[in-house]
Amino acid sequence: MKRRNFLSLTAGAAAATGLAACGSSGPADTTGGGSGGGDAATYWFLSGPPGEPIRQGAVDRFNKANSGNQVKVTAIQNDTYKDKLKTAIGAGQAPSIIWGWGGGGLKSYVDAGQVDDLTDWFAQNAAVKNKLFPASFGPATVNGKIYAMPAETVQPIIMLYNKEVFEKAGVQNPPQSWAELMSILPKFIDKGVAPISLAGASRWTNMMWLELLFDRIGGPEVFNNAYDGQKDAWSNPDAITALTKIQELINAKGFVKGFSSITADSNADQALLYRGKAAMELHGSWSYGIIKADGGNFIKDGKLGFFNFPAVEGGKGDPTNVYGNAGQFLSISSKASEKQKETAKKFFASILDDTEQQGWIDSGGVPIVQGSNAKIGSSPDKDFLNFIYDVSSKAKNFGQSWDQALSPSAAEILLQNISKLFQMQITPQQFATNMNATIGK
């Protein structure tokens with residue numbers, strides 16, 4: 001498989017699956033799980049609402065039904081998860097089941113022989129594979145072989161807004177173009193409200209803005225060329241335009257004051273939105289579950305609005321394109337014992353049962369299971385879930401989040417430079433020069 005193939009889902013693939021996907025979130029370390037002793041399969045995943053209790057529930061049901069095969073979990077905060085996992089894998093102490101986002105991170109594990117090839121297992125368990133959206137296997141596939149079990153939900157990056165704040169500022173509708181977005185900023189500022197909430201200290205939250213601006217202005221090829229190692233790809237004029245526009249947004253006080261010190265793990269960015277301190281936010285669809293859990297009656301009172309990222313005038317990218325995760329992915333450590341591997345595969349066959357699907361739907365997610373949309377109609381969140389379904393299924397291109405598509409080392413350099421760009425420490429041209437130097441390394 002050519003590497004760029006798992007970066008996007010074509011319209012045909014999205015239509016065939018009915019969906020495509022995006023995501024990431026979490027707080028605090030916790031441990032729990034079964035009583036399997038030394039031969040229990042260990043399982044690390046992200047902590048915090050809404051995902052942690054649903055993941056824990058799937059483990060609890062499995063442990064209850066399989067006394068001879070137990071899974072023991074550790075839940076870890078999002079911002080520290082990758083570093084802890086990298087350290088554990090490097091020390092030969094990886095969990096038996098590795099939760100991740102697929103793509104470049106998974107490829108680095110494959111290249112180092114740290115995860116098992118599951119291709120034959122899926123061939124022997126066709127019912128498990130056929131239950132899931134075919135497109136979800138893209139980020140799970142490296143060099144034509146499957147190294148991860150797709151799981152959980154489809155999560156596109158979308159715009160969220162506070163309808164009450166919009167009304168008070170005299171803004172009738174969410175912006176449908178970049179020019180409209182820039183034009184309404186002063187209306188919120190005049191009311192003492194930040195136009196856009198952003199947890200900039202987490203860096204990947206800044207990256208989402210660039211992903212969609214690059215795509216709207218130049219199409220998916222702009223990033224794909226950099227990903228494929230094309231010389232000086234980051235100096236593409238469309239990339240420079242996107243980088244310039246984001247700094248224009250920062251200079252126009254588009255983001256909340258002090259955004260570079262706000263972390264996503266604290267969910268403070270969501271709180272700014274539902275408390276009326278910010279008008280808009282660009283975030284993954286998992287934010288809905290966080291707001292539902294933490295935001296009181298904000299959703300129930302009909303104050304949350306949502307829309308797709310606006311088009312950019314004169315841009316080459318299709319405005320239906322989205323970025324994010326085509327699911328979440330579970331791999332099996334090659335260092336796990338045979339007993340632990342057996343347990344992991346049994347667990348894979350058990351997940352996304354009706355109870356788990358309903359849990360994701362109740363939390364504001366769309367499970368990556370064929371026909372799961374049939375369960376959405378009775379949900380109190382059906383308007384949002386159908387929006388996510390439509391955004392995902394109608395996307396001409398569904399790109400994987402950049403830091404998941406790239407190798408961990410390349411992603412870290414990217415995030416460092418994005419942070420500097422957003423703090424106005426480097427210019428768009430300096431960003432491009434810095435990133436061009438990483439191509440082919």
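This is a predicted model, so every value here is computed, not measured. Heavy-atom basis, side chains included; hydrogens, waters and symmetry copies ignored.
A donor-acceptor contact under 3.5 angstrom links the side chains of Asp117 and Thr119, judged on distance only. No hydrogens or angles considered: nothing links the side chains of Asp354 and Gln358 as a donor-acceptor pair under 3.5 Å. In this model, no donor atom of one side chain and acceptor atom of the other lie less than 3.5 Å apart for Ser197 and Asp269. Counted by atom type alone, Glu52 and Gln56 present zero donor-acceptor pairs between their side chains at under 3.5 Å.
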Candidate pair Trp209 and His283, rule ring pair (Phe, Tyr, Trp, His ring centres under 6.0 Å), full reasoning: CA-CA 9 Å; Trp209 283 89; His283 223 299; over 10 Å; no
Intermediate values then yes/no, ring pair (Phe, Tyr, Trp, His ring centres under 6.0 Å), Phe387 and Phe307: CA-CA 8 Å; Phe387 166 73; Phe307 60 102; 8.5 Å; no
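With respect to the salt-bridge test (charged N to carboxylate O, under 4.0 angstrom), the residues Lys64 and Asp60 do not qualify. Taking 4.0 Å as the cut-off between side-chain N and carboxylate O, Arg203 and Glu412 count as a salt-bridged pair.
Of the candidates Leu243, Asn434, Ile250, Leu421 forms a side chain to side chain contact (heavy atoms under 4.5 Å, CB included) with just one, namely Leu243.
Annotation for Arg216 and Asn321: closest pair NH1-O, 3.0 Å, computed over non-hydrogen atoms.
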Enumerate, atom names and distances included, each donor-acceptor pair closer than 3.5 Å involving a side-chain atom of residues 329-336, sequence neighbours excluded.
from, atom 1, to, atom 2, distance (Å)
Ser331, OG, Tyr147, O, 2.9
Ser333, OG, Lys335, N, 3.1
Ser334, OG, Gly113, O, 2.8
Ser334, OG, Gln114, O, 3.2

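Contact check for Trp99 versus Trp44: no side-chain heavy atoms found under the 4.5 Å cut-off.
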